Participant: 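Next up is a structure, given as structure tokens.
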Amino acid sequence: MSTHNPNPTMPSASVVRARVNEWFQAHGRDLPWRRPEASPWSILVSEIMLQQTPVVRVQPVWEEWMRRWPTPHDLAAEPAGEVLRAWGRLGYPRRALRLHACAQAIVTEHAGVVPRDLPTLLSLPGIGEYTAAAVACFAYQVPATVVDTNIRRVVGRAFHAKALPGPSMTRAQYREAQALMPAHPNEAGDAADASFTSAEVAEANTWNAASMELGALVCTARDPRCGECPVESVCAWVAAGKPAADYVPRGQAWHGTDRQVRGRMMAVLRESDGPVPYGVLVTRDGAEGAAQEVAEAHLRSALAQLALLGADDAQRASCARGLIEDGLAVLTTYGEVSLPG
DNA sequence: AAGACGGGGAA
DNA sequence: TTCCCAGTCTT
């Protein structure tokens, strides 16, 4: 985008920011991790849970976690298995394991205080580029550049008439998001630069939350509510007649995959009070037989659902081995499988 | 750069 | 049924 010959259909960044921020003040959701009293730890936990998982499913689990483990120290002291049980059905349970390890690292290496600088946040388990920026911004008001799938979609539509962003973030997209910030963070995304005014910092931090919220509530991937959008009148995608996406989203297979088998196995381990015989977890007949003997309804249901999968015993064994390699399960000396101690 | 990794609700 | 979701880590 040349400053000498700006594309007339491309809206000005400051206009988009102002309108989206104003919309956010009126329409942003009152989520518990956005309240002023939310601690940096509670915000970090929310961000990990929200990776690939919608707000409605995260909120009840987050509330429970904050009651049980209000500080990194509380979670770090817990056995990993208990953490995995409390994670429940949020999905991608390796996140729970990484969050547990993250809490332990915060306690042992950072005196129990959630770090506020990007490089230190990035060094923690489970925290990547997005989450590091989100924690710095939402927990500490550091104007780091936050870029998630919502923001990439909003920016792509408003400024480039692109229906959908690519499957993963490019460096060009990151640099553009950085340039859209009202103040330009330096390379480290640090706010130490004295040139920031408090008004710039406030606008930057609101923009991070507001553009994400717009993508979640209005500028949705499917069936966007353009009639409710504060930038509809300047949106490049709207101006171009809402052209279709130029690539086909790669749908993830589910039925018959290792992920489905692993998920069912984790459900059995979560519902079981103690270790599960290896043959129950790894053979169809074992799971089916156990489902007929067990009295407890939730465990019986989990075993039945594991037995119903189309997976053969070779795939079951491979998945069990994978869970153990990932640290999501452990093999006892009696040849049983359980959640990690 | 590509693939692995859960699960549920909406269209 | 298919698609989507406040991504991270490994190869």
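All heavy atoms count here, side chains included; hydrogens, waters and symmetry mates do not. Naming: A, B, ... by sequence-line order, numbering from 1 per chain. Quick caveat: nothing in here was measured; it's all calculated off a predicted structure.
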Participant: To the nearest Å, give me how far apart CD1 (I127(A)) and C1' (dA6(C)) are.
Facilitator: 13 Å
Participant: Using atom CG of N150(A) as one end and atom C1' of dG7(C) as the other, report the distance to the nearest whole Å.
Facilitator: 12 Å
Participant: So which pairs with a foot in residues 289-307 of chain A pass side chain to side chain donor-acceptor pair (under 3.5 Å), sequence neighbours left out?
Facilitator: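 Output for this query lists R264(A)-Q305(A), E296(A)-H298(A), S301(A)-Q305(A).
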Participant: Scan for ring-ring contact (aromatic ring centres under 6.0 Å, His included) pairs involving residues 30-54 of chain A, sequence neighbours excluded, and state none if there are none.
Facilitator: W33(A)-W62(A)
Participant: Under 4.0 Å between a Lys/Arg side-chain N and an Asp/Glu carboxylate O for R68(A) and E82(A)?
Facilitator: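 E82(A) and R68(A): salt-bridged.
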Participant: Going by side chain to side chain donor-acceptor pair (under 3.5 Å), name the pairs with one or both residues in residues 90-113 of chain A, residues two or more places apart or in two chains.
Facilitator: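 Only T53(A)-R95(A) qualify under side chain to side chain donor-acceptor pair (under 3.5 Å).
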Participant: With the threshold set at under 4.0 Å for non-hydrogen atoms, list the residues of residues 21-49 of chain A touching DNA chain B in residue-number order.
Facilitator: none
Participant: Please check if the side chain of D74(A) supplies one atom and the backbone of T71(A) the other of a donor-acceptor pair under 3.5 Å.
Facilitator: yes
Participant: Rounded to whole Å, please give me the gap between CG in D223(A) and C1' in dC3(C).
Facilitator: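 Taking CG of D223(A) and C1' of dC3(C), I get 13 Å after rounding.
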Participant: On DNA chain C, compare the nucleotides closest to L124(A) and M212(A); which residue's is nearer the 5' end?
Facilitator: M212(A)
Participant: Please collect all salt bridge (charged side-chain N to carboxylate O under 4.0 Å, His left out) contacts where either partner lies in residues 35-50 of chain A, sequence neighbours excluded, each pair once.
Facilitator: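 The answer is R35(A)-E37(A).
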Participant: In whole Å, what separates the P atom of dA6(C) from that of dC5(B)?
Facilitator: 23 Å
Participant: Can you sort out the partners of R34(A) under salt bridge (charged side-chain N to carboxylate O under 4.0 Å, His left out), two or more places apart, ordered by chain and number?
Facilitator: E213(A)
Participant: Give me the distance, rounded to whole Å, that separates dG8(B) from dT8(C) when you measure between the P atoms they each carry.
Facilitator: 23 Å
Participant: Over how many whole Å does the gap from L97(A) atom CG to dC9(C) atom C1' extend?
Facilitator: 13 Å
Participant: Whole angstrom is fine here: how far is it from CZ in R152(A) over to P in dA6(C)?
Facilitator: 12 Å
Participant: In whole Å, what is the span from the CD atom of Q173(A) to the P atom of dG7(C)?
Facilitator: 14 Å
Participant: Output every pair passing ring-ring contact (aromatic ring centres under 6.0 Å, His included) with a member in residues 112-150 of chain A, not counting sequence neighbours, ordered by first then second residue.
Facilitator: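 Every candidate ring-ring contact (aromatic ring centres under 6.0 Å, His included) pair involving residues 112-150 of chain A fails, so no pair, neighbours aside, qualifies.
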Participant: For A134(A), answer base if it contacts any base atom (sugar-phosphate contacts may also be present), sugar-phosphate if it contacts only those atoms, and nothing otherwise; contact means non-hydrogen atoms under 4.0 Å.
Facilitator: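 Since no nucleic acid heavy atom lies under 4.0 Å of A134(A), the category is nothing.
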Participant: Taking the hydrophobic residues Ile, Leu, Val, Met, Phe, Trp and Tyr, and joining any pair whose side-chain heavy atoms are under 4.5 Å apart, which ones share a cluster with V294(A)?
Facilitator: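 Its cluster partners, ordered by chain and number, are L84(A), L97(A), V261(A), M265(A), M266(A), V268(A), L269(A), V276(A), Y278(A), V280(A), L281(A), V282(A), L299(A), L303(A), L306(A), L309(A), L323(A), I324(A), L328(A), L331(A), V337(A), L339(A).
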Participant: Treat a base pair as Watson-Crick or G-U wobble with both distances under 3.5 Å, then lay out DNA chain C in dot-bracket form, 5' to 3', with | for cross-strand pairs.
Facilitator: ||.||.|||||
Participant: Please produce a list of atom pairs where a protein N or O lies less than 3.5 Å from an N or O of nucleotides 5-9 of chain B.
Facilitator:
from	atom 1	to	atom 2	distance (Å)
dC5(B)	O4'	R94(A)	NH2	2.8
dC5(B)	N4	Q252(A)	NE2	2.9
dG6(B)	OP1	P93(A)	N	3.4
dG6(B)	OP2	R262(A)	NE	2.7
dG6(B)	O4'	Y92(A)	N	2.8
dG6(B)	N7	Y92(A)	OH	3.2
dG6(B)	N7	R259(A)	NH2	2.5
dG6(B)	O6	Y92(A)	OH	2.9
dG6(B)	N1	Q52(A)	O	3.3
dG6(B)	N2	Q52(A)	O	2.9
dG6(B)	N2	T53(A)	OG1	3.0
dG6(B)	N2	L90(A)	O	3.3
dG7(B)	N2	R57(A)	NH1	3.2
dG7(B)	N3	R57(A)	NH1	3.2
dG8(B)	OP1	R89(A)	NH1	2.6

Participant: Among the candidates dG7(C), dC9(C), dC4(C), find the nucleotide nearest to the side-chain atoms of R98(A).
Facilitator: dC9(C)
Participant: Filter on side chain to side chain donor-acceptor pair (under 3.5 Å), then keep only pairs touching residues 311-322 of chain A, sequence neighbours left out; what's left?
Facilitator: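 Counting only pairs at least two positions apart or across chains, the side chain to side chain donor-acceptor pair (under 3.5 Å) contacts touching residues 311-322 of chain A are D258(A)-Q315(A).
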Participant: So what does T149(A) touch, heavy atoms closer than 4.0 Å: a base, only the sugar-phosphate, or nothing?
Facilitator: sugar-phosphate
Participant: Atom NE2 of H255(A) and atom C1' of dC3(C): how far apart are they, to the nearest Å?
Facilitator: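 To the nearest whole Å, that distance equals 13 Å.
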Participant: From the list dG7(C), dA6(C), dC4(C), which nucleotide is the closest neighbour of the side chain of T131(A)?
Facilitator: dG7(C)
Participant: Ignoring hydrogens and angles, tell me if any N or O in the side chain of R152(A) forms a donor-acceptor pair with the backbone of V147(A) under 3.5 Å.
Facilitator: no
Participant: Give me each pair satisfying side chain to side chain donor-acceptor pair (under 3.5 Å) with a member in residues 221-244 of chain A, each pair once, sequence neighbours excluded.
Facilitator: R19(A)-S233(A)
